[in-house]
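One is the number of the first residue; the rest follow in order along the sequence. Quick caveat, the model's predicted, so the values are computed rather than measured. Start at 1 and go down the list; that is how both ligands and their atoms are numbered.
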Amino acid sequence: MSILVTGGAGYIGSHVCVELLAAGEDIVLLDNFSNAERTVADRISELSGRTFPVCDVDLLDREGLGRVFAGHDIESVIHLAGRKAVGESVSLPVLYYHNNITGTLHLCQAMAEAGCHSMVFSSSATVYGANPIVPFREDFALSATSPYGMTKVVIERILTDLAAAEPDWRFCLLRYFNPIGAHPSGLLGERPDGVPNNLLPYIAQVAAGQRTHLTVFGDDYPTRDGTGVRDYLHVVDLALGHLKALAYVRAHAGAEAVNLGTGTGYSVLEIVAAFERASGLKIPYIVAPRRAGDIAVMSADPAKAERLLGWKALRGLDDMCADAWRFASRAAEELN
Ligand code: UDP
């Protein structure tokens, strides 16, 4: 029996696949390759020394999805496929709602038809909206500041309703904080299309000489140095959290939301300094006004993850930056 990983060629999905294979699980990688390169599947094979089926299927293709379940013996699903750019979701809300929500509904229908009822879902700390009280706890009220965020709120609600209606279903809703870093091999990492929205890929491109400077969005927040604070965690730690969540859904019915973060926040300038240490390079930056929709501090209360899943982030900021830089410098060399 196999684990279906939707979005398995993406930044987080690829790391999840590597860890599943290393743990001896069989996988089926599904991706529409809209925001991932096909070579990622080869790299996962190279790193794990194993082969696995790759399905080039869009979750909006309900029949295609049915064929995936008919053709493979799927035991559980780790569902990461979805559009994820906050700014783009503000300009293209219908695309985001349709893709993320309809895609998930199709997946639930196909799972039900196949008698598969357990799923680990890729949610996000964005479901806490503009909550000013930190750290964020799973029992806080949910809201969203963008259509992207609202797709996560709505999907969490759909899956929770489904688990309440039909006791066979089992879900773990993982609320990611800020995953950064890359596989230590330098073979897998985050390779954004166009201008990066997120801090780490942007800094990495400045370090690689692809951009002249970083723009720091606001230095007048009520934080240690005035810049925004986030709970960054290593993508390999995040991936390992999915394996713990899989073990949990195998053993428990219902729907549980769980934060995946470290509980420690770092400011933008602290991240710049850590990246400079890891790369030995200077990261020039300018300060600009705050970015619309940003809040001062986001950090996780990680207690539930440890209690329920037995998961804790182990990798520190220096490893996150060193691994991010190893991948980004390699990717920049490949471009030249
Ligand atoms: N940030 C920044 N410049 C950038 C991108 C991000 O100063 O080019 C800041 C942003 O304001 C926030 C932090 O870095 O305080 C993390 O932003 P990111 O977009 O990576 O994550 P999110 O805001 O979704 O938590």
Side-chain angles (χ1 to χ4, degrees), residues 10-12 35 82-90 96 100 122-132 134-136 143-153 174-182 189-208 210-235 238 259-276 283-300 313 317 320-321 324-325 327-328:
Y11 171 47
I12 297 168
N35 189 27
R83 291 187 171 261
K84 62 170 185 178
V86 176
E88 187 183 52
S89 79
V90 175
Y96 270 69
N100 291 7
S122 156
S123 187
S124 162
T126 190
V127 299
Y128 295 112
N131 194 312
V134 283
F136 296 168
S143 65
T145 56
S146 71
Y148 161 74
M150 190 50 88
T151 68
K152 296 294 183 189
V153 172
L174 296 179
R175 296 178 180 162
Y176 309 156
F177 280 70
N178 290 61
I180 60 172
E190 189 171 18
R191 200 193 292 239
D193 240 2
V195 183
N197 296 309
N198 296 114
L199 181 62
L200 248 288
Y202 203 103
I203 291 179
Q205 289 195 1
V206 173
Q210 293 162 279
R211 306 198 181 271
T212 53
H213 62 272
L214 169 72
T215 303
V216 175
F217 298 136
D219 66 353
D220 57 351
Y221 285 108
T223 59
R224 291 187 283 280
D225 58 21
T227 64
V229 168
R230 296 290 181 273
D231 185 329
Y232 297 93
L233 77 161
H234 198 295
V235 66
L238 183 72
N259 289 337
L260 292 186
T262 65
T264 304
Y266 292 105
S267 73
V268 175
L269 294 182
E270 287 166 346
I271 295 293
V272 169
F275 199 93
E276 288 182 339
I283 306 295
Y285 68 86
I286 59 161
V287 176
R290 296 177 180 192
R291 182 170 66 178
D294 272 358
I295 59 174
V297 182
M298 292 180 75
S299 75
L317 183 59
M320 299 180 211
C321 289
W325 175 233
F327 175 76

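Residue contact check: Thr215 has heavy atoms under 4.0 Å from atoms 2 (C), 3 (N), 4 (C), 7 (O), 8 (O) of ligand 1. The contact set between ligand 1 and Asn178, taken as ligand atoms under 4.0 Å from a residue heavy atom, comprises 21 (O), 22 (P), 25 (O).
With atom 7 (O) of ligand 1 as the reference point, the heavy atom nearest to it among Tyr202, Tyr221, Phe217, Phe177 is part of Phe217. Considering each of Leu199, Ile203, Ile295, Val297, the one bringing a non-hydrogen atom nearest atom 20 (O) of ligand 1 is Leu199.
Under 4.0 angstrom from ligand 1, the non-hydrogen atoms of Val268 all belong to its side chain. The part of Asp294 lying near ligand 1 is the side chain, judged by heavy-atom distances below 4.0 Å. When heavy-atom distances to ligand 1 are checked against a 4.0 Å cut-off, Asn197 comes that close only through its backbone atoms N, CA, C and O. Counting heavy atoms under 4.0 Å from ligand 1, residue Tyr232 touches it through the side chain alone.
Under the 4.5 Å side-chain criterion, counting only non-hydrogen atoms from C-beta, Val195 is in contact with Arg211. Side chains of Val127 and Arg175 form a contact here, defined as non-hydrogen atoms less than 4.5 Å apart. Arg230 has its side chain out of reach of Phe177: every pair of non-hydrogen atoms, C-beta onward, lies at least 4.5 Å apart. Annotation: side chain of Tyr221 is in contact with side chain of Asp294 (closest heavy-atom distance under 4.5 Å).
With hydrogens and angles disregarded, a donor-acceptor distance shorter than 3.5 Å links the side chain of Asn100 to the backbone of Arg83. Judged purely by atom type and a 3.5 angstrom limit, Glu276 uses its side chain to pair as donor or acceptor with the backbone of Ile283.
Here the heavy atom of the protein found nearest to atom 18 (P) of ligand 1 is Asn198 ND2, 3.5 Å. Remark: minimum distance from atom 17 (O) of ligand 1 to any protein heavy atom is reached at Arg291 NH2, 3.5 Å.
Counting only N and O atoms by type, the side chains of Tyr148 and Glu88 include no donor and acceptor under 3.5 Å apart. Between Asn198 and Tyr11, the side chains place no donor N or O within less than 3.5 Å of an acceptor N or O (distance only, hydrogens not considered).
Among the atoms of Val216, none of the N or O lies under 3.5 angstrom from an N or O of ligand 1.
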